[in-house]
> 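Below: one structure in structure tokens.
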2 protein chains.
Amino acid sequence: MQENLPKFDSVFTIDCVIFGFDEGELKILLIERNEEPFKGWWALPGYYVEQEESIDHGAGRILYELTGLRDIYMEQLYTFGDVDRHPQGRVITVAYFAMIRLNGQKELKPVNTYARKAFWHPVNELPKLAYDHTKIFERSLEKIRRKISYQPIAFELLPEKFTLTQLQHLYELILNTKLDKRNFRKKMLNYGILKELDEKQRGVSYRAATLYKFDKRKYARLFQKELSFNK
Amino acid sequence: MQENLPKFDSVFTIDCVIFGFDEGELKILLIERNEEPFKGWWALPGYYVEQEESIDHGAGRILYELTGLRDIYMEQLYTFGDVDRHPQGRVITVAYFAMIRLNGQKELKPVNTYARKAFWHPVNELPKLAYDHTKIFERSLEKIRRKISYQPIAFELLPEKFTLTQLQHLYELILNTKLDKRNFRKKMLNYGILKELDEKQRGVSYRAATLYKFDKRKYARLFQKELSFNK
DNA sequence: TCCCTTAGTGTAGAAAATACACAGTATATT
DNA sequence: AATATACTGTGTATTTTCTACACTAAGGGA
């Protein structure tokens, strides 16, 4: 089939930066390596691209094997192709990032056994990562920081129903800044992409906040109107 | 060297979308294919990644072979990895875009003979392209459209000395919109990233405009302050 | 000198961004 | 029942940025 095309003697992989929002912290999912190289180090989950799957499909597959979740928000981040990035030879890696809803107790149900060693790590106190994974992670953080300012990706990390304060906290975490409560609410509600529910927060020992949903239909109608947050 | 790693039986290439600004038009460099598949079609210039070079290096090499130019602004765009994108087998392609200064008469001096068949095509009247190259091109256009609004990449397409009107025309072309002359100048000059020269435009049969330079040092000092253009 | 063409300039009104503080309400505690 | 606690939810005035808009200045060509 490919007899006319020169082969490239290398390894082709996908690595994923998987973001979650849990206990007020932004976290990513890391795997502890139990083989050389980098035995005992933490690394981004990743795997080889299969011969007969697209790279997007490969990224989705890896995420599924790791978490048991499907239909997750994922996006290609960047391709890392330096010659010396892997000690055992030439490896080219397409990095993806994903955002998943942790929903409190919802435990991950890995399909693949290697995923047993996956744990959430707060992004503010990451260990040193294997290979060039720190670089990959940093790039993913820059990307979501930029992206959250003009597209509604934050909702991917929140439960389906959330309060405006939760949403604001998440923006503050990702943007690493303080936002003004009144201005944030004014602006966010003005976009017209949130649906106010009749429901209130439960289980808090103070005034319960109104819950909101992200309204995908309204957002689509705005034709990707860009959100922007300065202060 | 790579005995521990599974091989990926596929072809790995780089394609480049090379932008130029010439005669008031935004153009890209295309190659006419004289082999099957897509014999006689136009395609983005591209080539295989060498075994011992980084993909960034490969992109720079391809551009050099094609144009004789080095130290050109290039950036990785996206990696295309669908299974069926190449009729002869699995090909994964990292796309780059580049912006080069055409400077009027400065002809390209291709190093590689295959580059003889490269010609500039205005982006507004592109032919159908081979493979999924139309998709790649469209993505590159979206990217520079977004990017020009917050980073000074337009200067990469202009001669070193340019007038504010030339700069505005280029913004208008890329953004595909009209901009207000007074507002554009006010804003652009306010950024403080242009150096006004003592020199004037020459060879025009009307009042000669002042020439400006992009001041990289000042821009760097602003620490990537973001430019933005609405109207 | 006149004509042609583009350069270069200011201001007022509208919209968006920002800064800022307190009363309301649900729950827990005594 | 009263009180303490903790967070919700709201408005306005000021500053900044955005937008719309039109004429004089300058240079070259006829």
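Per chain, numbering begins at 1; letters A, B, ... match sequence-line order. Excluded from the calculations below are hydrogen atoms, water molecules and symmetry mates; all remaining heavy atoms, backbone and side chain alike, are included.
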> What's the NZ-C1' distance between K178(B) and dT19(D), to the nearest Å?
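Between C1' of dT19(D) and NZ of K178(B): 17 Å.
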> With nearest nucleotides of DNA chain D determined for T163(A) and V204(B) from heavy-atom distances, which residue corresponds to the more 5′ nucleotide?
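Checking each residue's closest nucleotide, the 5'-ward one belongs to T163(A).
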> dC7(D) C1' sits how many Å from R182(A) CZ, rounded?
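Atom CZ in R182(A) sits about 15 Å away from atom C1' in dC7(D).
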> Any chance you could measure I174(B), atom CD1, to L26(B), atom CG, to the nearest 0.5 Å?
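Between I174(B) CD1 and L26(B) CG, I get 5.5 Å after rounding to 0.5 Å.
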> Could you check which of dT10(D), dG10(C), dG27(D) has an atom nearest any side-chain atom of R185(A)?
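Looking only at side-chain atoms, R185(A) lies closest to dT10(D).
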> Could you check how far CZ of F184(B) sits from P of dT17(D), rounded to whole Å?
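About 18 Å, once rounded to whole Å.
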> Any idea which of dT9(C), dG10(C), dC20(C) is nearest the K181(B) side chain?
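Closest nucleotide to the K181(B) side chain: dT9(C).
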> Let me know the distance between CD of Q168(B) and C1' of dA7(C), rounded to the nearest Å.
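Result: 12 Å.
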> Out of dT12(D), dT19(D), dG28(D), which nucleotide sits closest to the side chain of N183(B)?
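The answer is dT19(D), which lies nearest to the side chain.
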> Atom CG of L179(A) to atom P of dA19(C): distance rounded to whole Å?
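Whole-Å distance recorded here is 11 Å.
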> Ignoring hydrogens and angles, does a donor from either the side chain of K187(B) or the base of dT19(D) sit under 3.5 Å from an acceptor on the other?
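A donor-acceptor contact between them is absent.
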> If I take atom NZ in residue K186(A) and atom C1' in nucleotide dA13(D), what distance separates them, rounded to the nearest angstrom?
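After rounding, the gap between these two atoms is 11 Å.
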> Between P on dT9(C) and CG on N190(B), what's the gap in Å once rounded to a whole number?
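Distance check: N190(B) CG to dT9(C) P gives 13 Å.
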> Without decimals, in angstroms, what is the distance between L167(B) CG and dG8(C) C1'?
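Roughly 15 Å, once rounded to whole Å.
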> Between the base of dA26(C) and the side chain of R207(A), is one N or O donor paired with an acceptor at under 3.5 angstrom?
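Checked by distance alone, the answer is no.
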> Answer yes when E65(B) and R61(B) have at least one side-chain N-carboxylate O distance shorter than 4.0 Å, and no when they do not.
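Looking at E65(B) and R61(B), the cut-off is met.
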> Pick base, sugar-phosphate or nothing for T210(B), based on heavy-atom distances below 4.0 Å to the nucleic acid.
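The answer is sugar-phosphate, as T210(B) gets under 4.0 Å only of primed atoms, P, OP1 or OP2.
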> Give a yes or no on whether a donor-acceptor pair under 3.5 Å exists between the nucleobase atoms of dG27(D), that is its base, and the side chain of K200(B).
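Side chain to base: no pair below 3.5 Å.
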> Check L189(B), L158(B), I193(B), L197(B) against Y212(B) for a side-chain contact (heavy atoms from CB on, under 4.5 Å) and give me the one that passes.
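When L189(B), L158(B), I193(B), L197(B) are each tested with Y212(B), the side-chain contact (heavy atoms from CB on, under 4.5 Å) holds only for L189(B).
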> Does Y78(A) have R139(A) sitting over its ring (NZ/CZ under 6.0 Å from centre, angle to axis within 45°)?
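Relative to the ring axis of Y78(A), which defines the angle, R139(A) lies inside both limits.
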> Which part of the nucleic acid, if any, lies within contact of T165(B), taking any heavy atom under 4.0 Å across all strands shown: a base, the sugar-phosphate backbone alone, or nothing?
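Here T165(B) touches the backbone only, sparing every base.
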> If the plane angle is over 60° it's perpendicular, under 30° parallel, otherwise tilted; pick one for W41(B) and F38(B).
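Perpendicular: the ring planes of W41(B) and F38(B) meet at over 60°.
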